[in-house]
Amino acid sequence: MPELPEVETIRGGLEKKIVGLTIKKVDICAPKSFIGKAQEVQGKKVIKVWRRAKMLGIDLTTGPAGGSSRPMSSLNAAGTRRDSLRPRHPSLALLFHLKMTGQLVLDDRKWKVEGGRMVGGHPTPDMRDAMPNSHTRVVFSFSDGSRLYFNDQRRFGWVKVVQSSELGVQGLFEKLGPEPLEKEFTWQILKQNLLKHKSTPIKSGLMDQQVVSGVGNIYANEACFNARIDPRARSLELSNAQFKKLHQGVVKALRDGIKHGGSTRAHFVDSEGHRGYFLDYAYVYGRDEHPCKICQTEIKKVTLGGRGTYFCPACQR
DNA sequence: TGCCCCCTGCAG
DNA sequence: CTGCAGGGGGCA
């Protein structure tokens, strides 16, 4: 599900709640969803929550609980890189990829057992569906009684126990393109990367994680609209002025996504179980047969690379 | 550079 | 029943 704005929304919510907590227990309901040894993270303390592309990382102390360790990550609250790229210090982390339907929901009602019954707070209406259910694949229990649920209906997602050496230049992140909300993402870089695939539709190019990381189907559609460019256009056909508009369009779409707490089509909820509202503000995604918010022309839907593609035939040329 | 596939569920 | 869904790895 989640693209950059959704993962960033989850990251921000989790950071406020779990930094400093110790993982007491890991319950794995779906073995294929958990890669690595759960034992390695039990007793470890959370020191940072970060994001790279559409992946979310939780840095853990490497030594016994309380031991000191340095964060593996490099992204601050705004999703921008603070300490530059690498080298990363040796440490341990949990790395999540939520794919299409993954959720990370923190249940911080402090459950107490009274008279054999669980007693706690009241879940929000949105959260009720995200509580441990038939789609819960992994449950992390923390020292203060709170729990983190990794839910994933379609089972495409995963969580992996990683060492810092597995990430970075030679690791899992090796092929990822630039972070679109960082300085390294310029219109020139975008142009250069898109031109590596001259005949690929521009919207499909934006979804290529080697071109720019973190953009998925919703925000690629919105970025093309923001730039007033036909999503079917080929990179070879674009002028420099259009590459600049596309660059701005990507950044605007992602920032707006974060501003509205992400997009909820069907499954996305943030770490508190609340949906996101960006789709209320979307210009084209999911709006086929509806009037364009700018010119009233009917929004069209086509398929590109097997993915639903929405655009305004009048605004986007 | 395109499919097919991993899976589950829902809408038409 | 078929088709489609915030992703992306693998294979021809």
Side-chain angles (χ1 to χ4, degrees), chain A residues 1-11 29-35 51-56 95-105 129-130 133-137 150-160 171-177 180 193-224 231-232 234-236 250 253-254 256-258 260-270 274-282 284-289 301-310:
Chain A
M1 117 199 46
E3 307 180 35
L4 184 152
E6 288 73 38
V7 179
E8 187 56 35
T9 299
I10 292 170
R11 191 203 65 74
C29 316
K32 285 174 72 176
S33 300
F34 191 100
I35 304 162
R51 178 192 60 73
R52 175 77 173 96
K54 299 172 188 172
M55 285 173 274
L56 184 135
L95 185 68
F96 294 84
H97 200 310
L98 304 180
K99 295 293 180 81
M100 298 283 264
T101 57
Q103 301 175 328
L104 275 175
V105 183
D129 285 339
N133 55 32
S134 60
H135 301 133
T136 299
R137 309 306 180 198
F150 173 37
N151 303 330
D152 184 20
Q153 180 195 98
R154 292 173 73 177
R155 299 174 189 254
F156 290 172
W158 43 259
V159 50
K160 187 175 182 182
L172 284 167
F173 298 165
E174 181 179 357
K175 293 185 173 178
L176 288 177
N193 289 353
L194 284 172
L195 281 172
K196 290 175 185 168
H197 314 278
K198 299 188 197 311
S199 65
T200 301
I202 219 70
K203 179 248 179 178
S204 303
L206 291 177
M207 293 175 65
D208 183 334
Q209 300 302 293
Q210 297 186 48
V211 169
V212 50
S213 61
V215 179
N217 201 30
I218 292 177
Y219 298 97
N221 276 291
E222 293 301 310
C224 289
R232 300 164 295 183
R234 317 276 147 156
S235 56
L236 210 56
V250 168
L254 296 173
D256 287 348
I258 292 172
H260 297 293
S263 302
T264 297
R265 202 191 93 82
H267 302 94
F268 173 70
V269 289
D270 66 16
H274 297 294
R275 55 163 298 171
Y277 292 90
F278 175 73
L279 289 184
D280 293 347
Y281 303 87
V284 290
Y285 182 83
R287 299 196 67 252
D288 48 316
E289 297 178 36
K301 182 183 183 185
V302 297
T303 298
L304 286 183
R307 311 300 299 273
T309 301
Y310 306 83

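Every chain is numbered from 1, with letters handed out A, B, ... down the list of sequences.
In terms of phosphate contacts, A:Arg307 brings a side-chain nitrogen or oxygen within less than 4.0 Å of OP1 or OP2 of C:dG6. For the OP1/OP2 pair of C:dA5 and a distance below 4.0 Å, the side-chain nitrogens and oxygens of A:His267 include no atom meeting the criterion. The side chain of A:Gln209 contributes no N or O atom lying less than 4.0 Å from OP1 or OP2 of C:dG7. Phosphate contact (OP1/OP2 of B:dT1, side-chain N/O of A:His197, threshold under 4.0 Å): present.
A:Tyr219 comes within contact range of no nucleotide atom at all, as no heavy-atom separation falls under 4.0 Å. Here A:Gly305 lies out of heavy-atom contact (under 4.0 Å) with every strand.
Between the side chain of A:Glu8 and the backbone N or O of A:Ile258, no donor-acceptor pair lies under 3.5 Å. With hydrogens and angles disregarded, no donor-acceptor distance shorter than 3.5 Å links the side chain of A:Asp256 to the backbone of A:His260. A donor-acceptor contact shorter than 3.5 Å is absent between the side chain of A:Glu3 and the backbone of A:Lys54. No donor-acceptor pair under 3.5 Å is formed between the side chain of A:Asp270 and the backbone N or O of A:Thr9. Judged by distance alone, with hydrogens and angles left aside, the side-chain atoms of A:Ser33 form no donor-acceptor pair with the main-chain N or O of A:Arg137 at under 3.5 Å.
Spacing of P atoms, C:dG6 relative to B:dA11, comes out at 16 Å, to the nearest Å. Nucleotides C:dT2 and B:dC5 are separated by 15 Å at their P atoms, to the nearest Å. Comparing B:dC10 with C:dG8, their C1' atoms are spaced 23 Å from each other, to the whole Å. When the C1' atom is used for both B:dT1 and C:dA5, the distance is 24 Å, rounded to whole Å. Comparing the P positions of C:dG9 and B:dG9 gives an interatomic distance of 24 Å, to the nearest angstrom.
Between the side chains of A:Glu6 and A:Tyr219, a donor-acceptor pair is found at a separation under 3.5 Å. Counting only N and O atoms by type, the side chains of A:Thr309 and A:Lys203 include a donor and acceptor under 3.5 Å apart. A donor-acceptor contact under 3.5 angstrom links the side chains of A:Arg52 and A:Ser213, judged on distance only. Checked by atom type, the side-chain pair A:Thr136/A:Asn151 shows a donor-acceptor distance below 3.5 Å.
Note: CE (A:Met100) to P (C:dG7) measures 6 Å, nearest angstrom. In this structure, NE2 of A:His260 is placed 17 Å from C1' of C:dG6, rounded to the nearest angstrom. Note: CG (A:Leu95) to P (C:dG7) measures 17 Å, nearest angstrom. Going from atom CG of A:Leu56 over to atom C1' of C:dG6 covers 15 Å, rounded to whole Å. In this structure, CG of A:Asn217 is placed 9 Å from C1' of C:dA5, rounded to the nearest angstrom. Atom CG in A:Leu304 sits about 10 Å away from atom P in B:dG2, given to the nearest Å. C:dA5 atom C1' lies 13 Å from atom CG of A:Asp288, rounded to whole Å. Taking atom NZ on A:Lys175 and atom P on C:dG9, their separation rounds to 9 Å, with Å as the unit.
With a glycosidic angle more than 90° from 0, B:dG9 adopts the anti conformation.
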Show me the dot-bracket string of DNA chain C, counting Watson-Crick or G-U pairs under 3.5 Å, with | for pairs to another strand and [ ] for crossing ones. |||||.||||||
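If you take CD1 on A:Ile10 and CD on A:Gln103, they are separated by 8.5 Å, rounding to the nearest 0.5 Å.
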In 5'-to-3' order, the base (B), backbone-only (S) or no-contact (-) status of each nucleotide in nucleotides 5-12 of chain B, using a 4.0 angstrom heavy-atom cut-off, is -BBBS---
